[in-house]
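Hydrogens, waters and symmetry mates are skipped; everything else that's a heavy atom, side chains included, is used. Please read all numbers here as calculations on a predicted model, not as lab measurements. Protein chains get the first letters and strands the later ones, always in sequence-line order, with residue 1 at the start of each.
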Protein chains: 2
Amino acid sequence: MKYQKIPEATIRRLSRYSRCLEEMEKGGEEVISSAQLANRCMVNAAQVRKDLAYFGEFGIRGVGYYVKDLLNDIKKILGSNKEWRMVVIGIGNLGSALLSYKDFLKQNYKIVAAFDIDPPQVIGRVSEKLGKPVEVLHINRLKEVAKERRIEIGLITTPPSEAQAVADLLVEAEVRGILNFAPTQIVVPEGFVAKDVFFTTILDNLAYLLSNN
Amino acid sequence: MKYQKIPEATIRRLSRYSRCLEEMEKGGEEVISSAQLANRCMVNAAQVRKDLAYFGEFGIRGVGYYVKDLLNDIKKILGSNKEWRMVVIGIGNLGSALLSYKDFLKQNYKIVAAFDIDPPQVIGRVSEKLGKPVEVLHINRLKEVAKERRIEIGLITTPPSEAQAVADLLVEAEVRGILNFAPTQIVVPEGFVAKDVFFTTILDNLAYLLSNN
DNA sequence: TCAATTTTGTGACTCCTTTCACAAAATATG
DNA sequence: CATATTTTGTGAAAGGAGTCACAAAATTGA
Ligand SMILES: NC(=O)c1ccc[n+]([C@@H]2O[C@H](COP(=O)([O-])OP(=O)(O)OC[C@H]3O[C@@H](n4cnc5c(N)ncnc54)[C@H](O)[C@@H]3O)[C@@H](O)[C@H]2O)c1
Ligand SMILES: NC(=O)c1ccc[n+]([C@@H]2O[C@H](COP(=O)([O-])OP(=O)(O)OC[C@H]3O[C@@H](n4cnc5c(N)ncnc54)[C@H](O)[C@@H]3O)[C@@H](O)[C@H]2O)c1
């Protein structure tokens, strides 16, 4: 297939297909049609086929898709087949929750370091739920440790006033991907990727829908 | 302006404008142009004007928009001018973090109840950060308390296996808006609104961008 | 008072995304 | 082996969303 720009919506749906396929695999299903997958993910069947068509041909006409193979192919496309090494910065309420989030382990996302500016209260913290204990370190060791542990993604859970400064530190440490949970827009240079997760935006959306339906 | 279907993206941007306008108001700015607001929110100026045009005329030609008025108008559009009363269900790592999330207070979102199925460990829990202490109650009191406290939005932070059942309880209690943090797709009847927040989808997105740029 | 300046609101255009519809490929059946 | 059936992959059509460009409205300044 010739090259085309891939819609961001397609990537989001691939992640959804991935989750559904995982459940199907667990359920023992071996082959599915685009219609079945579409149904499960609440999208159009042609949409499923077109999304996949951006990346190649994965199905067999008259048959469908092999669940296991398709799951693998999608993970390869998303880059979620490899293990991603992450750091959490700001070990307060939300940061602690992320540190003990079991699902990250099941997926290929692994928290391998944690930082705070006020470590005495949290230093040496260990979560049994995690495969390995993660010790909370002082933020001034970020650059050094990030390189050492080959960290690729940073999760920012500091107060909003500190978020951009922390992002700058991550950039300096060459951590290329940033997920920011503080309610402030993060800016990073070319070559880096930052995504903001605004809880209030999601709630505003809900509020709008509730007010107008 | 004649009626049109309003794009979901417009609603998301309005929320963004809202946040920027709040900062501007704090900063003492009284009037802004669509270009300035657009710049701040990293969108196109025509986009700002078109988004607003769906709902009426809010600016003055040759002048711009009055920050205070526009903020009010946007909040009215979004429905975020009123106070929304919320419940959190599943007071584990993430649920506890949400319970003590200060920003909800600053906005018009207020957590007025909390439930778990295993309350002995958490009953009577109080967060000083919140205006009023919120006691964690047993899930079997959900329907009764939801009505009593006029709850309109439910935040689900139970394990995924319980999420749909909890959503069903919320529907039964006529809580019309649901925000689900468990990694499983929630289905609700006509007239209710459910949004899923999938952390892994966001990470998959990031992984894709990091793998392909 | 009137021309110059600023900035909105919006029709028209472009670009992107989704859906439709069908030929092509694989399988099943008699 | 030929025909019917199934389901993919994809070009074409339809539908939405974003950008451009300019007339209309307000203001400023001479
Ligand atoms: N609590 C929630 O449920 C929730 C939900 C959505 C978003 N958020 C956002 O996430 C962020 C954290 O929220 P929280 O409730 O966990 O706050 P918190 O105050 O409990 O935690 C913040 C932590 O960041 C640390 N910190 C401050 N400056 C730092 C720096 N420069 N470097 C490293 N660490 C630093 C603090 O010591 C503290 O431990 C906030 O921006 C908040 O708006 C929180
Ligand atoms: N921890 C995180 O940072 C994080 C991030 C994203 C998503 N999530 C999702 O949020 C959910 C909660 O995660 P967590 O880490 O807080 O888990 P957790 O195990 O710490 O908390 C779950 C809580 O739900 C309660 N519960 C179970 N069944 C219930 C029921 N039927 N009714 C009421 N309460 C019930 C449990 O008693 C427990 O207190 C999970 O689905 C998880 O996948 C968590």
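Salt-bridge formation is detected for the pair B:E83/B:R85: a Lys NZ or Arg NE/NH1/NH2 atom is positioned less than 4.0 Å from an Asp or Glu carboxylate oxygen. Classification of B:E23 and B:R40 as a salt-bridged pair holds, one side-chain N sitting under 4.0 Å from a carboxylate O.
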All N/O donor-acceptor pairs, side-chain side in residues 60-81 of chain A, below 3.5 Å, sequence neighbours left out:
from: A:K75; atom 1: NZ; to: A:E22; atom 2: OE2; distance (Å): 2.8

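Distance A:E57 CD to C:dA23 P: 18 Å, rounded to the nearest Å. One interatomic measurement links the two molecules: CD1 of A:I32 to P of D:dT6, which rounds to 18 Å at whole-angstrom precision. Atom P of nucleotide C:dT8 and atom CZ of B:F55 are separated by 18 Å, given to the nearest angstrom. Regarding B:L70, its CG atom lies at a distance of 16 Å from the P atom of C:dT7, rounded to whole Å. As rounded to whole Å, 13 Å separates atom P of C:dT17 from atom CG of A:L14. Nucleotide C:dT18 holds its P atom 14 Å from the CG atom of A:L52, rounded to whole Å.
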If you restrict it to nitrogen or oxygen atoms, what contacts under 3.5 Å exist between nucleotides 25-30 of chain C and the protein, and what is each distance?
from: C:dA26; atom 1: O4'; to: A:R61; atom 2: O; distance (Å): 3.3

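The side chain of A:S34 contributes no N or O atom lying less than 4.0 Å from OP1 or OP2 of D:dT7.
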*Where along nucleotides 13-21 of chain D does protein come under 4.0 Å, by heavy atom, of base (B) or sugar-phosphate alone (S), with - for untouched nucleotides?*
----SSBBB

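Not a single salt bridge (charged side-chain N to carboxylate O under 4.0 Å, His left out) links B:E25 to another residue, sequence neighbours left out.
A donor-acceptor pair under 3.5 Å is absent between the side-chain atoms of A:S18 and the main chain of A:L14, judged by distance alone. Remark: the backbone N or O of A:L94 is not paired with any side-chain donor or acceptor of A:T157 at under 3.5 angstrom.
Counting only residues at least two apart or on different chains, the side-chain hydrogen bond (donor to acceptor under 3.5 Å, both in side chains) pairs with a member in residues 175-187 of chain B are B:N180-B:D196. Screening residues 148-197 of chain B for ring pair (Phe, Tyr, Trp, His ring centres under 6.0 Å), with sequence neighbours left out, gives A:F199-B:F181.
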